[in-house]
*Asks:* 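Questions regarding the structure given below will be posed in turn.
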Amino acid sequence: MPNTKELARHEEVQKRFTGAHALCAGCGIPICVRTILNAIEEPVVAINATGCLEVATTRYPTTAWNIPWIHVAFENAAAVASGVETAYRALRRRGKVSQEIRFVAFGGDGGTYDIGLQALSGALERGHRFLYVCYDNEAYMNTGNQRSGATPFAAQTSTAPVGERSFGKSQRRKDLTEIVAAHHVPYVAQASISDWYDLAVKVRKAVSVDGPAFLNVLSTCPRGWGHPSDQSIKIARLGVETCYWPLYEIIEGRWQLNYIPEERLPITEWLRPQRRFAHLFEPGKEALLAQIQRQVDADWEKLLRRCEDLPPAPFPKREWEFSSPVGERQREIWR
Amino acid sequence: MNRYAQGNFFLAIEPRRCKGCGVCVQSCPQGVLALNGEGKVEAHEIARCVFCGLCERRCPDFAISVHKERAIQPSLV
Amino acid sequence: MRVAPEQKRLTLITGAEAAAHAMRQINPDVVPVYPITPQTPIIETFAQFVADGQCDSEIINVESEHSAMSAAVGASCAGARVMTATSSQGLALMLEIVYIAASMRCPIVIAVGSRALSGPINIHCDHSDSMMARDAGCVQIFAENAQEAYDLMIIAQRLAEDRRVLVPVMVMQDGFTITHSAEPVALLPDESVREFVGRYEPLYPLLDTDRPTTQGPFALPDYYFELKRQQVDALEAARTVWLELQERFAEISDRRYKGFFEEYKLRDADYALVILSSTAGTAKVVIDRLRRKGIKVGLLRPWLFRPFPAEEIAQALAHVRAVAVLDRAISFGSWGPLYLEISAALGRHLQQKPVLYNYIYGLGGRDTPPELLASVVTDMQNEGDPAVLRYLGLRE
């Protein structure tokens with residue numbers, strides 16, 4: 001299983017995805033993408049939906065990609081991937097291609113939960129061997145933070161804004177991970193940019209199955225969510241620690257939780273540092289906060305009941321434990 | 001490219017790639033890194049670095065990386 | 001290759017089956033498909049061929065036409081030979097991606113069973129679907145009958161994959177009239193087709209991981225225009241390649257396609273009809289009857305609509321007194337698409353122009369019997385006003 005040194009070595013040799021792209025400072029997407037690409041041993045062909053990642057990494061005549069990469073449109077990453085993967089099988093069978101290649105499709109929540117849902121569903125049902133990664137930053141961020149089906153309840157976006165008569169998005173977000181699981185595919189998981197090891201392990205598992213795999217990765221957006229760029233990892237971590245974004249897998253239909261926080265943080269810890277939720281901390285909005293907490297609680301309970309395999313105890317609170325004064329100071333910063 | 005060495009290891013920082021997001025500064029368990037006056041990251045406490053590689057793993061822009069010096073010993077060749 | 005006696009054997013098959021036979025013999029790598037009337041028999045017949053092992057293409061039964069074309073682009077860019085089929089609403093749904101396929105230089109052959117666009121929903125023949133797609137950057141070829149539907153699919157594959165072209169090629173056959181009517185068709189031997197289409201050698205396959213490419217980038221105003229200009233050259237090259245392939249096709253069959261359009265009794269004609277696809281067949285019968293009465297009428301039936309052979313058509317029509325262009329589609333707010341092309345062609349290339357009339361006919365599968373076509377010639381003889389848009393077979 002991967003460690004930082006292995007991933008670093010792999011990356012140095014392959015250089016599959018490079019810097020000097022135009023993604024924002026502190027963006028969660030490149031953290032997600034580089035972790036994923038470097039956790040895969042075999043050669044990779046990437047398929048990309050329109051969105052932040054595609055636009056900011058391939059402004060003609062430059063590119064940040066050192067692997068074969070294709071973008072066609074917004075809603076069809078999974079359909080394009082189906083075509084690429086089928087071509088691979090056909091040409092392999094006909095003796096024109098001999099190497100093992102892995103196919104990874106990247107789409108934002110916009111191109112996956114909403115406009116891309118049909119193509120994803122079709123590809124999953126047909127059973128193509130590919131990994132679909134949704135980098136979920138919870139809105140159409142490339143075009144300036146318009147709401148998507150992944151935008152959480154009560155979040156501010158430009159098309160469901162907070163105003164005199166509105167507290168932001170009035171609908172709950174979809175549970176796409178569950179929708180994907182309903183397609184009976186071999187591997188589905190939720191991950192976060194805050195837990196790179198967990199993500200890397202999941203990627204390895206995902207590409208090893210002979211069928212479709214899906215990763216829903218929480219990916220912070222400093223601009224859209226309204227937080228300082230250096231807080232990206234921390235805020236993603238808060239999503240996990242508040243059980244807003246649990247880390248779990250569904251392997252051949254068996255639900256398996258990967259992480260139970262020792263102390264579950266209240267959902268306000270997740271909401272408070274993000275300006276898109278700032279209006280919820282004004283007087284008179286307590287009922288909304290309570291409603292959100294109830295929803296998170298209910299979803300977490302449901303997930304616990306569903307998961308047959310819970311992680312072994314004790315589970316480390318942080319990925320590193322320091323008892324030195326420096327560690328204490330870092331814990332302060334972390335908090 | 002700026003090198004910050006400690007024994008056989010060094011941190012390589014490419015300021016032209018650094019966007020000053022500060023994620024590496026926040027990620028470092030040892031407090032090695034900080035943003036300078038131009039908003040670019042520097043390893044101002046390299047002696048504390050344990051070369052865990054977290055900064056490299058998390059940099060969105062490939063601006064910082066951890067290396068071990070290649071041992072070049074011509075007398076053994 | 002000499003014409004073997006077996007080639008003369010005719011098979012009674014529909015236009016859809018003929019297209020499916022062409023696909024079977026071409027045996028592409030990947031075929032992403034979605035059903036829609038009236039092209040469905042094409043993909044059903046082909047699916048049966050695959051199921052029975054008569055060819056071994058990978059069929060992807062996608063969940064919409066948009067995904068069919070998306071998968072086609074993915075497979076083509078990966079390095080595979082790709083074919084698909086659609087009609088009407090299906091073509092409308094995949095149209096977003098058809099433009100992209102052309103811009104990404106994907107040599108995909110698209111069989112089209114020409115069908116009216118909604119609304120109201122109508123499953124019968126007209127040319128509104130292919131005309132909707134005329135600006136997308138594909139080569140567009142119109143077949144009159146089942147034999148042409150077969151021949152032109154085979155030529156289309158080689159035309160698309162020629163390195164000077166590398167754009168999708170749409171091959172239209174009239175919905176129901178041709179797709180569902182059985183005609184005697186001469187099928188070529190499998191080896192002839194295989195040899196004619198040859199191997200597809202992609203330039204930049206995604207599956208070549210040693211030479212990675214970024215395909216389908218984001219382009220700003222500083223580059224977009226030049227990239228689109230390159231597509232103009234691709235369509236221009238298609239003219240040359242089309243003519244070259246006609247020569248090659250004549251070597252393996254006794255059917256000679258010559259030039260960009262069929263001329264039927266046009267050389268000495270006083271009046272000309274310009275019609276695409278199957279109604280031209282009716283027109284030929286009408287022309288023969290009128291000729292027996294001493295009226296010198298002729299027909300010009302384009303095969304290529306895109307690229308539009310403007311100069312050649314203008315020269316072919318230069319000598320006639322009047323031309324009636326029959327359009328089985330209309331550009332609302334303007335006139336018929338074929339008329340608009342011909343009018344521009346005559347304007348660009350001729351000093352003396354024949355009088356030009358436009359008739360809209362056959363929308364939504366409305367039948368056009370011989371008498372109506374004959375009345376068009378009578379109108380031309382009576383020197384009607386060319387500034388009036390006319391309709392054939394419409395109850396006004």
Side-chain angles (χ1 to χ4, degrees), chain A residues 2-9 11-12 15-35 38-39 56 64 193-194 196-197 199-200 219-220 222 228-237 318-322 324-334, chain B residues 1-4 6-71:
Chain A
N3 61 33
T4 51
K5 305 288 185 280
E6 266 179 47
L7 289 189
R9 206 169 21 246
E11 196 170 75
E12 207 169 328
K15 290 190 166 38
R16 289 173 166 178
F17 176 61
T18 68
H21 51 67
L23 290 157
C24 300
C27 177
I29 303 170
I31 304 174
C32 166
V33 171
R34 74 184 285 189
T35 307
N38 294 305
I193 58 162
S194 58
W196 67 266
Y197 179 78
L199 175 57
S219 183
T220 42
S229 59
D230 64 348
Q231 298 297 298
S232 286
I233 302 290
K234 177 175 179 183
I235 288 179
R237 170 62 47 70
R318 300 278 185 268
E319 63 198 26
W320 40 267
E321 295 283 346
F322 279 75
S324 70
V326 172
E328 272 305 310
R329 194 181 62 138
Q330 277 305 306
R331 257 197 278 260
E332 278 301 307
I333 298 172
W334 204 250
Chain B
M1 166 103 96
N2 301 328
R3 285 170 141 239
Y4 301 84
Q6 193 210 97
N8 265 351
F9 292 82
F10 65 95
L11 277 187
I13 293 176
E14 176 53 84
R16 286 178 305 174
R17 285 205 176 160
C18 175
K19 289 175 182 157
C21 70
V23 168
C24 57
V25 175
Q26 282 294 311
S27 297
C28 179
Q30 295 288 89
V32 173
L33 305 169
L35 297 182
N36 64 18
E38 277 134 46
K40 306 281 180 177
V41 69
E42 278 179 354
H44 69 145
E45 300 272 10
I46 192 63
R48 291 214 207 118
C49 183
V50 295
F51 299 95
C52 67
L54 261 182
C55 54
E56 179 178 351
R57 286 297 97 233
R58 288 181 175 163
C59 175
D61 293 284
F62 299 80
I64 185 168
S65 50
V66 170
H67 301 269
K68 187 174 182 186
E69 295 278 10
R70 298 243 150 102

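Order of the sequence lines fixes the chain letters, A, B, ..., with proteins taken first and strands second; residue numbering starts at 1 for each chain.
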*Asks:* Hey, could you give me the SG/CD1 distance between B/Cys21 and A/Ile233, rounded to the nearest 0.5 Å?
*Replies:* 9.0 Å
*Asks:* I need the minimum non-hydrogen distance between A/Gly26 and B/Val23, along with the two atoms involved.
*Replies:* CA-CG2, 4.1 Å
*Asks:* Of all of A/Cys32, A/Ala25, A/Pro222, which one pairs up most often with chain B through heavy atoms under 4.5 Å apart?
*Replies:* A/Ala25
*Asks:* Could you tell me which non-hydrogen atom of B/Gly20 sits nearest to which non-hydrogen atom of A/Ser229, and how far apart they are?
*Replies:*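 That would be O-OG, 4.2 Å.
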*Asks:* Quick one: pull up NZ in A/Lys15 and CZ in B/Phe62 and give me the separation to the nearest 0.5 Å.
*Replies:*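 If we round to the nearest 0.5 Å, A/Lys15:NZ and B/Phe62:CZ are 10.0 Å apart.
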*Asks:* Please classify the contact of B/Cys59 with chain A as side chain, backbone, both or neither, using a heavy-atom distance under 4.5 Å.
*Replies:* both
*Asks:* For chain A, which of B/Lys68, B/Arg16, B/His67 has the most heavy-atom pairs under 4.5 Å?
*Replies:* B/His67
*Asks:* Relative to chain A, which segment of B/Arg57 carries a heavy atom at a distance below 4.5 Å: side chain, backbone, both, or neither?
*Replies:*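 Contact with chain A: backbone and side chain both.
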*Asks:* Indicate the atoms forming the closest heavy-atom contact of A/His21 with B/Lys19, along with that distance.
*Replies:*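 Nearest pair, atom of A/His21 first, then B/Lys19: O-NZ, 2.9 Å.
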*Asks:* Atom CZ of A/Arg34 and atom CZ of B/Arg58: how far apart are they, to the nearest 0.5 Å?
*Replies:* 11.5 Å
